[in-house]
Structure formats: structure tokens, C-alpha cells
Amino acid sequence: MPIDTICGLQRGDEGKGAIVDRKLASGKYTWNVRFQGGANAGHTVKAGGKKLILHQIPSGVMHERVRLGLGQGMIIDPFGLRDEVEQLRVMDIDATARLCVSSGAKIVCPWDKLLDGAIDRVRAKAMGMQVAEGGGVGTTNRGIGPGYANAVSRDGITVAQLVRPNVLFNRIKVVVPVINCMIRGVRQELDLSEEQLPEYTVSGAFEQLAPIGEWMSLIAYPLHELLRVALMEGEFLLAEGGQGYFLSNDCTVSYPSCTSSITTANAVFSGLGLELRRSWIGSTIGVVKAYQTAVGNHPMPTYIGNEYQERIQRIGGEIGASTGRIRDCCWLNGLELREAAQFCDVIYVTKLDVLSGIPLIPIATALHPDNHAPNHPVLTDLPQTWEEYMLCQPIYGINVTGWNEDISGIRRIADLPSSAQEYLATIAKIASRMVICVGVGPEREQFCV
Ligand code: IMP
């Protein structure tokens, strides 16, 4: 079946980019497409001894024969996209010839970025905190929330509108007064001056957006039509999800500490502008890091918190690609794994090597619902709300003996130390899915199958 999807089963940063890279190396796929999210995602590309973090261009950019699609379900930051294209050019990679941005995608406007951080400060203030103290959502400040909100409330701008100056001007005339109402409200709430949070003028906004629209016109296409033709001709597409299951806007237990798009494979067809055809649905690979991480204000009952916290952060390089924030590290939470795995067909585990040398690796199998109410019955399913989840404490019903061997040179799951195999078997059992590939290091070839 022609559309395969790679999705994170945790809170982003599972190492999906390396899996995309590996899948594309098979030569099976002609397209690598994104269908949701925007510059809140991040993945590292290495070429010619240089490293580059990309946020919007799909992970398959290094595969010269693969076309790159940014679907209409995304929220595109045109300025950020141009920066990425320029940085790739410095590395001698010309992405523009292969890059197709859906003309139906909405864009992140300059005010969306401005409002993102400001609105999170309003939320944090209402919670009696600062964002840095865990108030608000702790967004990536890429304008994702306001961008999607404005898109849904019909105050957004599509790529097609952006690249047509006359249409753009008329759109801005309608949108700017609405945005200025929000800006005035936020300014008042945060006690900011006009200089700190200025309103927009129609001419000022047009001057900012028109030149980037001209640039975008080179890469704006009715992507859904190109993809439909490719599918009709028997080509294969690899869809790449951003973030992860527990950051999906429809993940009840995470709301509101989530992103603004649907991050599961459920969003692939609408996010690519394609009709749902049974014969096009391929398999969904769920990506699970061997431990869990989160950046932002999230429930983390299995937060490691002991000497292994710093060690895993260091060895795993757990620093947010989009924000530079250090990621909090947690042991696997079996309740989360079981719920998220329902959204995939098979599992790839990443970063198993990071756990080498840890004597005992716990996995949570139940939760105490509220640390202030010790007599409540334990939970074997996730609670219904984020608020309840924030109070939960883990019960580690499984403790897998660790392994000391360096596993980074191993290429077959069957050759891994028996305790590492037991850990993988435990993941597979909890998830009720097969683990078919395991990452054991940061390099392209460091996978076991
Ligand atoms: P937003 O998507 O920027 O609005 O951020 C909402 C929440 O999702 C914040 O807690 C972010 O830290 C988190 N988030 C969004 N994208 C990613 C990602 O790609 N990796 C990890 N966390 C993310």
C-alpha cells in the first residue's frame, strides 16, 4: 500500500528523522511529506562534516531523488523556510527544485509568533506562575498555536493567498484589524507598552509579507494534485509525523499541554489534501525512544530524578532541537506506551544504547492517582484529565535487569545482550506490537533488525 507513515508514540524527539532517513534509503519512496505541525519540530541533518537543524523541511532532504512535500495540514513559517533553504544551500544542497509547499497550507504570520509567547505568559499569569516556572503550555514560540487558531477561526492566510500580491493585500486588510484586537487585549493583560507589543498596519504587514510571498511562489504547488498523480502512477509516499502521540491536540489526557495539530497517522489524508482511499493506506511505524523525554509543562510521573537523569541527558544528547531547552528524562510508562501503540502497526525503538550500563531499568505499569490521597485505588489506565495526571505517582511493576555491553556495533536484534532483548520483548508485550528495528547509535547504519 503506497502511503506509509512514521509517527512518534511519546512527546516528540523520539528520533523519527533517523527512521525516515533509513526508510528512504531503501529507494522505495519518491516522496517524503509532512502533514501537520510546522517549525515546532526539529531534526538534525549532517553533510560534509557539518550539522544543521531543520524544522520544516522533511527529514529526507539528503535523499536527492526524493521529492519533499509540505502538506496543507501544516502551518508554514515562510521566513523560517527560506532560512532553512539558504542554510542548505551553504551546505551545497539545493532543496528548492524538490520542495513543494501546498498552496492550501496556512502560514504563520509575524503576529502569530509575537502572540505565541505573549499568550503563554497570559496563561502562566492566570496560573500564578511564569512560563519558565512551568506556567502556560511552554510553547516552542514558533507561532504554532496562534497560527492554527487564526487558521481555524478564518483569520489566517493561505500560501496561495500569500503568493498573489493583490489577494494578499485584501486578505491583510481583513485580518489585521482582528489581530490588533488580540494584541490590544494581550497588551492590557500583561501591562505592556505599545512598543513592547505593537499593533500592525495594513501597509506594514503587506511590506513584510509580500517579498516572502514572491519567494514562496517558486515552491507553492497544488501538492494534493501532484501526490494524487504520483499515487495513481504507483509511486510510494513516506509521511513523516512531527511531535508525538501525547502532544496531539486530540489526546485527552494531555490537553491543554499539547500542540495544536493532530499528530497521529489519522491526520495524514486530510493533512495532504487527499481523499481517504483504503487502497492507499500503508503501514504506520510507531517510534518509541527506549526512555521518555519531554520539554514543556507535561505530566512526568516516571521522571528519573536520580543520577541517571543527567547521564541519560548527556549520552542521549537530550537538548530540544527547536528550543535548546534541556529535555526532562523519564523511564518508560507502560500505560502511555499501551495507549499510543494502538495508533501504529509496528514499533521502531530508538536510542537503546543510551541505557547501557544502567543496572535496573524500571517500567511503570500502574499509577497512584493522587499523592495527597493515598487510599485511592491505583490506576491501570491513564486518567481522563491532564490535571489528574499531573498528580499521579508511578508504580514500577516491571524492573528489567540492565546490560553493561557496548551495543552500538550490533546489527541484529538476536545478537543484543539477553537483558536488552528482554527489555525489547517487554516493550512489544505492553504495546501488543512487534518491535522490528532498534536504534543503537546516532549514525545512519546504527540499527539492529
Ligand atoms: P507548540 O507546538 O510550540 O505550541 O508547543 C506546545 C507543546 O508541545 C510544548 O510543550 C512544546 O515544548 C511541545 N512541542 C511541540 N513540538 C515539539 C517537538 O517537536 N518536540 C518536543 N516537544 C514539542
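Whatever order the structure lists ligands and atoms in, that order sets their numbers, starting from 1.
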**Asked** Under a strict 4.0 Å criterion on non-hydrogen atoms, which protein residues are in contact with ligand 1?
**Response** Arg11, Gly12, Asp13, Asn40, Ala41, Val137, Gly138, Thr139, Thr140, Gln243, Leu247, Cys258, Thr259, Val295, Gly296, His298, Arg325

**Request:** State, yes or no, whether a side-chain contact exists between His368 and Cys392 at a heavy-atom distance under 4.5 Å.
**Result:** no

**Message:** Suppose we screen for salt bridge (charged side-chain N to carboxylate O under 4.0 Å, His left out). Which residues come up paired with Asp328, at least two apart in sequence or across chains?
**Reply:** none

Taking NZ, NE, NH1 and NH2 as the nitrogens, is one of them in [X] or [Y] under 4.0 Å from a carboxylate oxygen of the other?
X      : Y      : answer
Arg82  : Glu86  : no
Glu189 : Lys125 : yes
Glu14  : Lys351 : no

**Message:** Would you say the rings of Tyr200 and Trp111 are close, in the sense that their centroids are separated by under 6.0 Å?
**Reply:** yes

